[in-house]
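Inspection log for the structure reproduced underneath, given as structure tokens.
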Amino acid sequence: MSIPPEHDTRFRGKHIIITGAGGNFGREGCIYFGLRGAKISALDLNKETLLETEALLRSKLDDAISIKCFECNVTDPASVQVAIDGAVEEYGVPHLLWNNAGYQGEIKPTLEYSLADFTNVMNINVCGMFNVLQTVAKKMASDPQQESGVGSHKYSIVNTASVAAMRGTPAMVAYSSSKAAILAMTVSSAKDLAPYGIRVNAISPALIGPGYMWDRQNELHAKSGSPYFASDSDEVAKGKISGVPMKRLGTIEEVVKSVAYLLSDDSSYITAFNLVVDGGMSGGLR
């Protein structure tokens, strides 16, 4: 049974930074943590969608919400530094980071994929994620309040990866490669940052919908010419869902709840882990 937001105290008073806060996942995350009393630093490159997120939160929570928006280009270290410094000035050292900003890139077979877009995907998804992770982790590591024993690692970071990293989705060579790099980044940084009381995990969703992004991806897969996808977008969608043991799409809310678990003290002895949210599609022993 779900705990009503007003009774869920896991994030009350905690400072969380969310990148990609103007997108569907980041916006839902802002709402989820805002309803539970977190102080939110919302980052996104798109100022318009970022302000839409803020307006939506204020319409739900009025003056009870603590949210500060920062226009930020994650690929620019200076932009990231300014945003994180501003967040710390507003709410103090962050307890939590959902490192969520990303770019899907083109959907084309490998032989047709442009190097320019491949580079752009890697720059945003890998270099951008590292920029944010390192900048935030430095703030966390500088906090002298270190403890020992249970609950010793009071800081938590979740990086958004994807099942594409494990499956190597056809016609998405750049995206799949970038998300695989994020998984390696998560494990390596989790080991480096554990001595500083920081846990680092990843979330790997797949087949989340319905909505524009789900429909658009199916349309692009249908047009890609890949032999792995039908030429009709409806058939592409049916084929994907047929490969899910649970025979349905996941929801953005289910992804956010999984992120919340990894960020909360409920997962206090978990680090360097990738939580897969895909209805069993990629299940198997490895």
Side-chain angles (χ1 to χ4, degrees), residues 20 22-29 98 100-122 124-126 129 158-184 186 201-259 261-262 273-286:
N24 291 338
F25 286 83
R27 181 171 294 168
E28 189 69 27
W98 185 12
N100 176 61
Y103 169 57
Q104 179 177 269
E106 298 174 349
I107 294 183
K108 292 181 179 179
T110 298
L111 295 179
E112 301 171 20
Y113 209 100
S114 71
L115 178 60
D117 194 70
F118 190 98
T119 302
N120 194 30
V121 171
M122 298 300 283
I124 295 170
N125 292 359
V126 182
M129 185 161 288
V158 171
N159 298 322
T160 299
S162 171
V163 168
M166 300 175 288
R167 291 171 58 88
T169 305
M172 299 182 75
V173 63
Y175 183 78
S176 298
S177 299
S178 71
K179 294 300 184 177
I182 288 168
L183 293 182
T186 297
N201 292 292
I203 189 87
S204 284
L207 305 192
I208 306 302
Y212 172 78
M213 290 302 297
W214 164 250
D215 293 338
R216 183 58 178 159
Q217 189 179 85
N218 292 330
E219 290 172 4
L220 293 173
H221 274 138
K223 293 177 180 178
S224 70
S226 169
Y228 298 98
F229 300 108
S231 58
D232 179 80
S233 60
D234 289 338
E235 292 302 314
V236 171
K238 290 177 184 177
K240 291 177 180 179
I241 295 173
S242 70
V244 179
M246 294 180 71
K247 302 303 178 189
R248 68 171 178 87
L249 296 175
T251 68
I252 295 176
E253 182 182 15
E254 287 174 315
V255 175
V256 172
K257 286 180 178 179
S258 300
V259 171
Y261 167 70
L262 290 176
F273 179 66
N274 177 39
L275 179 55
V276 178
V277 185
D278 72 349
M281 181 180 69
S282 62
L285 299 176
R286 294 177 176 85

Restricting to non-hydrogen atoms, name the atom on [X] and the atom on [Y] that form the minimum distance, rounded to 0.1 Å.
X      : Y      : answer
Trp214 : Ile208 : CB-O, 3.7 Å
Val244 : Gly279 : CG1-O, 3.5 Å
Asn100 : Gly20  : ND2-O, 3.8 Å
His221 : Pro170 : NE2-O, 3.9 Å

Practice task
Can you measure from CG (Leu262) to CG (Asn201) and round to the nearest 0.5 angstrom?
Solution key: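 Leu262 atom CG to Asn201 atom CG measures 5.0 Å (nearest 0.5 Å).
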Handout entry: Distance in Å, Phe229 CZ paired with Glu235 CD, rounded so as to fall on 0.5 Å steps
Key =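 So the CZ of Phe229 and the CD of Glu235 are separated by 14.0 Å.
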Practice task
Using a strict 4.0 Å threshold on nitrogen-to-oxygen distance, state whether Arg248 and Glu254 make a salt bridge.
Solution key: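 Result for this pair is yes, salt bridge flagged.
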Problem - N-O pairing of Lys223 and Glu219 below 4.0 Å - result: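 Result for this pair is no, no salt bridge flagged.
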Practice task
Please state whether the rings of Tyr113 and Phe118 are parallel, tilted or perpendicular, taking 30° and 60° as the class boundaries.
Solution key: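 Because their plane-to-plane angle is over 60°, the rings of Tyr113 and Phe118 count as perpendicular.
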Practice task
State, without any angle test, whether Asn125 and Ser178 hold a side-chain donor-acceptor pair at a distance under 3.5 Å.
Solution key: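 Result is yes, a qualifying pair exists.
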Handout entry: Donor-acceptor under 3.5 Å (Thr169 side chain, Met172 main chain)
Key =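 Such a contact is absent between Thr169 side chain and Met172 backbone.
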Practice task
Could you give me the CA-CA distance, side-chain angles and deciding distance for Met166 and Leu183, then say whether side-chain contact (heavy atoms from CB on, under 4.5 Å) is met?
Solution key: CA-CA 9 Å; Met166 300 175 288; Leu183 293 182; 4.2 Å; yes
